[in-house]
Colleague: 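Next up is a structure, given as structure tokens.
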Number of protein chains: 2
Amino acid sequence: MPEPKQSKASPVMADTDIAIVRIAPETSFKNKAYEALKEAILKMDIYATPEPVMLDERALSERLGVSRTPIREAIAMLEQDGFVKTVPRRGIVVVRRSKAEIVDMIRAWAALESMAARLITTTARKKDITALRDFFKDFGPDRLPQDHVEEYSKANIAFHQALIALSESPVLVDLTNDLLLHVRGYRQLTIGRKDRTATSLPEHLGMIEALEARDTELAEKRARDHTLGLAAYVEAHGHELFT
Amino acid sequence: MPEPKQSKASPVMADTDIAIVRIAPETSFKNKAYEALKEAILKMDIYATPEPVMLDERALSERLGVSRTPIREAIAMLEQDGFVKTVPRRGIVVVRRSKAEIVDMIRAWAALESMAARLITTTARKKDITALRDFFKDFGPDRLPQDHVEEYSKANIAFHQALIALSESPVLVDLTNDLLLHVRGYRQLTIGRKDRTATSLPEHLGMIEALEARDTELAEKRARDHTLGLAAYVEAHGHELFT
DNA sequence: TCGTGGTATTTGGTATGCCAAAAATCTAAG
DNA sequence: CTTAGATTTTTGGCATACCAAATACCACGA
């Protein structure tokens, strides 16, 4: 039987099987629980109380209206993410990161972002690079970032994510997003701090300039140094935030 | 009640509660299943057959002698790792990485390792850096790596892991280990290839020299370029390995 | 022979129930 | 009032049963 073509014999079967995609299998309870718990954990201020924050499977299953099974699977996933840790026969505790861990994560972030910058200089389109400036178009000499810390902090995060996305590297995007989620728990206390905000904007613009100039080494260096600066800042001034 | 001190009243209770760590709660079936499945997945050659490799919950639970519950939790964890993907009502499929994905992962690895190199130049002890040479003590002009590819490949991996560990950055260590696990699926086909092995050893020695010299920029550059070289190699010669 | 419709089977998803370890609470001896 | 000891409660770990979707299989009819 020499190559049965690809037609399946049925001559009346129109081969214009257009746009028929798999019907959306509404996400499972497991995934819903995962998303819900993840959001809840990220939203809470883990450092508000000195006692560790505990989760209770049964209470969660009641609150979410599902049985313990999908809850437990979601917990297992969150544990892989490093957001919680379950201690056998004791409970599920929301992980609190030490200052050293946060600094460490920011360093890894710096590594990944500098690689993203490197890639961007060789592959991204000029207009996409230039578009990065838009994130800061609401700020300038007459509207200083340090006077609108919260707003600038949002723009800051969005800028970094957009930048890394330009690398067109799914791995870099995913890894940095994961790190960001962990680091962001402190955003209101660190990333948006006034004294650092002042130097942040010029550094960002410098990064964009290097990218536009296709200066691989310089772009990489500026991206790295900028984020390493944040790491150093947290290391130096973050002690007050950790108990 | 004014501050009941911290003593619990018992005066005979020695406060030298030394080195009493929580008794090992023999790892759960969930974790055992996770480890077992992970190892099995890493060991199998996913690219041997054109059809996707499927896993069956019930079959696994029977083979491992546990119920489906811990199996499912382990699967959920593996899915977070990106090793498998469960399709509702269809099955659990072992993820096959495309060449582009592997190259992407190696680039991220390069980013992390170059940051590790940077950190090492400022914190690691000289003797620990020098000790990195030991991984290659069995190779030299009279015993070329390309004549013992398998053995050199092992030393290669061990070297990189030891190097990154010297950074004393848990995040860098964990992230690179995760990436390594995914990339290593191709080790027998790519990392150990003769033509690349020849240039690998000198580059490694160059990295060590830069570290010993505490030349931060050079060490970072050499680490990055070395691993980016692997990425470029896989991108150029890897097509034959992916179906 | 081919295809059509229906039925049995497979497979992941979810709900429940029970178990043992650990903690919290209670009780009774000193 | 203190505390050792027993008891109850809480909590995560695990096994099991059932469900619905998807598939595989099969018989019947053109």
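Residue numbers begin at 1 in each chain, while the letters A, B, ... track the order of the sequences.
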Colleague: Is Glu101(B) reaching over with its side chain to a backbone N or O of Ser98(B), donor-acceptor style, under 3.5 angstrom?
Modeller: yes
Colleague: Should Tyr34(A) and Asp81(A) count as side-chain neighbours, where that means a heavy-atom distance under 4.5 Å?
Modeller: yes
Colleague: For Leu60(B) and dA15(D), give me the distance from atom CG to atom P, rounded to whole Å.
Modeller: 14 Å
Colleague: Return whichever of Gly91(B) or Gly65(A) has its heavy-atom-nearest nucleotide of DNA chain C closer to the 5' end.
Modeller: Gly91(B)
Colleague: Pick base, sugar-phosphate or nothing for Ile71(B), based on heavy-atom distances below 4.0 Å to the nucleic acid.
Modeller: nothing
Colleague: What integer distance in Å separates Leu55(B):CG from dG12(C):C1'?
Modeller: 13 Å
Colleague: With a 4.5 Å cut-off on side-chain heavy atoms, are Val84(B) and Val93(B) touching?
Modeller: no
Colleague: Please list each protein N or O that sits under 3.5 Å from an N or O in nucleotides 17-20 of chain D, with the distance.
Modeller:
from: dA20(D); atom 1: N3; to: Arg89(B); atom 2: NH1; distance (Å): 3.4

Colleague: Rounding to an integer number of Å, can you tell me how far Asn31(A) CG sits from dG12(C) C1'?
Modeller: 12 Å
Colleague: Would one find a side-chain N or O of Thr86(A) under 4.0 angstrom from OP1 or OP2 of dG13(D)?
Modeller: yes
Colleague: Categorize Ile75(A) for me: base, sugar-phosphate, or nothing, with a 4.0 angstrom heavy-atom threshold over every strand shown.
Modeller: nothing
Colleague: Return the value, rounded to whole Å, for the distance between atom CE of Met54(A) and atom P of dT10(D).
Modeller: 15 Å
Colleague: Let me know the distance between NZ of Lys30(A) and P of dT11(C), rounded to the nearest Å.
Modeller: 17 Å
Colleague: Ignoring hydrogens and angles, does a donor from either the side chain of Ser28(A) or the base of dT14(C) sit under 3.5 Å from an acceptor on the other?
Modeller: no
Colleague: Measure from CD on Glu73(A) to P on dT14(C) and round the result to the nearest Å.
Modeller: 7 Å
Colleague: Closest approach to the side chain of Thr69(B), judged atom by atom: which nucleotide of dG12(C), dA15(D), dA15(C) is it?
Modeller: dA15(D)
Colleague: Among residues two or more places apart or on two chains, list those pairs meeting salt bridge (charged side-chain N to carboxylate O under 4.0 Å, His left out) that have a residue in residues 154-182 of chain B.
Modeller: Glu150(B)-Lys154(B)
Colleague: Measure CD1/Ile92(A) against C1'/dA22(C) and give the value in whole Å, please.
Modeller: 15 Å
Colleague: Contact between Thr86(B) and Ile75(B) at the side-chain level, heavy atoms closer than 4.5 Å - yes or no?
Modeller: yes
Colleague: Within the side chain of Lys85(B), is there an N or O that forms a donor-acceptor pair under 3.5 Å with the backbone of Ile92(B)?
Modeller: no
Colleague: With distance as the sole criterion, is a donor-acceptor pair present between the side chains of Ser153(A) and Asn156(A) under 3.5 Å?
Modeller: no
Colleague: Rounded to the Å, how far apart are Leu78(A) CG and dG12(D) P?
Modeller: 14 Å
Colleague: Ignoring the backbone of Arg72(A), work out which of dG12(D), dG12(C), dA15(C) is nearest its side chain.
Modeller: dG12(D)
